[in-house]
Amino acid sequence: MAHTHHHSLDDLNETQKRVHRILCSAQNPLSAYEVLDKMRGKGAVTPPTVYRSLDKLIEKGLAHRLESLNAYVACKHPHDHQDMAAFAICESCGLVKEFTDPHISERLSHWSEDHAFSAKKVTVEIRGLCDSCQK
């Protein structure tokens with residue numbers, strides 16, 4: 001049942017492609033308003049358009065929303081929709097590393113089954129200090 005989506009940009013409209021490019025070239029997660037700012041250059045867009053584009057990218061697995069930062073990142077790993085996305089967020093420099101961990105995924109799906117809970121999306125955010133900031 002789980003279908004791998006191939007991070008396809010084909011059926012995105014121009015605005016969605018622009019939003020995706022902005023997220024891809026960003027060093028750090030961006031808020032919707034930061035994305036909006038970066039789009040001001042050519043062809044003004046409204047906040048609702050940016051939010052809709054971000055939702056579409058998330059739906060297609062091309063981006064993730066980091067709840068604790070209320071910000072968005074481009075997905076760095078083509079993973080299955082069912083796979084959990086995990087992020088390590090440095091509270092000092094803002095570096096965000098995306099990773100997937102099949103063990104955590106597995107434990108969570110076992111828990112869900114045991115408790116008759118149907119998980120729709122799982123995003124794990126680990127906050128702390130990256131290697132460089134600890135030194």
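Nothing fancy with the numbering, it's 1 onward along the sequence. Note that these values count all heavy atoms, side chains included, but never hydrogens, waters or copies made by symmetry.
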Peer 1: How many angstroms lie between NZ in Lys135 and SG in Cys133, if you round to the nearest 0.5 Å?
Peer 2: 10.0 Å
Peer 1: Over all heavy atoms of both residues, which pair between Pro29 and Glu34 is shortest? Give the atoms and the distance, please.
Peer 2: O-OE1, 4.0 Å
Peer 1: What are the two closest heavy atoms between Leu54 and Val19, and how far apart are they?
Peer 2: CD2-CG1, 3.6 Å
Peer 1: Who pairs with Glu67 by side chain to side chain donor-acceptor pair (under 3.5 Å), at least two apart in sequence or on another chain?
Peer 2: Arg65, Lys121
Peer 1: Rounded to the nearest 0.5 Å, what separates atom NE2 in His20 from atom OG in Ser53?
Peer 2: 12.0 Å
Peer 1: Before giving the answer on salt bridge (Lys or Arg N to Asp or Glu O under 4.0 Å), spell out for Asp55 and Arg52 the whole-Å C-alpha distance, their side-chain angles and the decisive distance to 0.1 Å.
Peer 2: CA-CA 5 Å; Asp55 286 345; Arg52 278 197 302 272; over 6 Å; no
Peer 1: More than 12 heavy atoms of other residues, nucleotides or ligands under 6.0 Å from CD of Gln27: is that the case?
Peer 2: no
Peer 1: Give the other cluster members for Trp111, using side-chain heavy-atom distances under 4.5 Å between Ile, Leu, Val, Met, Phe, Trp and Tyr residues; answer none if it is isolated.
Peer 2: Phe117
Peer 1: So, taking the atom named CG in Asn70 and the one named CG in Leu30, what distance separates them when rounded to the nearest 0.5 Å?
Peer 2: 12.0 Å
Peer 1: May I ask whether Phe99 and Leu69 are part of the same hydrophobic cluster, defined by side-chain heavy atoms of I, L, V, M, F, W, Y residues being less than 4.5 angstrom apart, directly or through others?
Peer 2: no
Peer 1: Please say yes or no: joined through hydrophobic side-chain contacts below 4.5 Å, possibly via intermediate residues, are Leu62 and Ile22 part of one cluster?
Peer 2: yes
Peer 1: Going by atom types alone, do Ser109 and Ser112 pair a side-chain donor with an acceptor below 3.5 Å?
Peer 2: no
Peer 1: Could you tell me which non-hydrogen atom of Asp101 sits nearest to which non-hydrogen atom of His103, and how far apart they are?
Peer 2: OD1-N, 2.7 Å
Peer 1: Can you see which heavy atom on Cys75 is nearest to which on Gly61, and at what distance?
Peer 2: CB-O, 3.4 Å
Peer 1: If we check side-chain hydrogen bond (donor to acceptor under 3.5 Å, both in side chains) with Asp11, which of these qualifies: Lys60, Lys56, Gln16?
Peer 2: Lys60
Peer 1: To the nearest 0.5 Å, how far apart are CG in Leu57 and NZ in Lys17?
Peer 2: 11.5 Å
Peer 1: Could you check, using the six-membered ring where one of them is a Trp, whether His64 and Tyr72 have ring centers closer than 6.0 angstrom?
Peer 2: no
Peer 1: Measuring only between side-chain heavy atoms, which start at C-beta, is Ser68 closer than 4.5 Å to Ile89?
Peer 2: yes
Peer 1: Would Val35 and Tyr51 count as a side-chain contact (heavy atoms from CB on, under 4.5 Å) if you check the C-alpha gap in whole Å, the side-chain angles of each, and the deciding distance to 0.1 Å?
Peer 2: CA-CA 10 Å; Val35 172; Tyr51 279 110; over 6 Å; no
Peer 1: With a sphere of 6.0 Å drawn around NE2 of His115, does it hold more than 12 non-hydrogen atoms of other residues, nucleotides or ligands?
Peer 2: yes
Peer 1: Please answer: with hydrophobic residues joined when any side-chain heavy atoms are less than 4.5 Å apart, are Val124 and Leu95 in the same cluster?
Peer 2: no
Peer 1: State yes or no: do Phe87 and Leu108 share one hydrophobic cluster built from I, L, V, M, F, W and Y residues joined by side-chain heavy-atom distances below 4.5 Å, directly or via other members?
Peer 2: no
Peer 1: Crowded around Arg127 CZ? As in, over 12 foreign heavy atoms under 6.0 Å?
Peer 2: yes
Peer 1: Between atom SG of Cys93 and atom CG of Asp131, what is the distance when rounded to the nearest 0.5 Å?
Peer 2: 10.5 Å
Peer 1: Please step through side-chain contact (heavy atoms from CB on, under 4.5 Å) for the pair Asn28 and Val96, ending with a clear verdict.
Peer 2: CA-CA 7 Å; Asn28 287 333; Val96 174; 5.6 Å; no
Peer 1: Is Leu9 reachable from Met39 through a run of hydrophobic residues whose side-chain heavy atoms are each under 4.5 Å from the next?
Peer 2: yes
Peer 1: Could you tell me the separation between the CZ atom of Arg18 and the CG atom of Leu23, rounded to the nearest 0.5 Å?
Peer 2: 12.5 Å
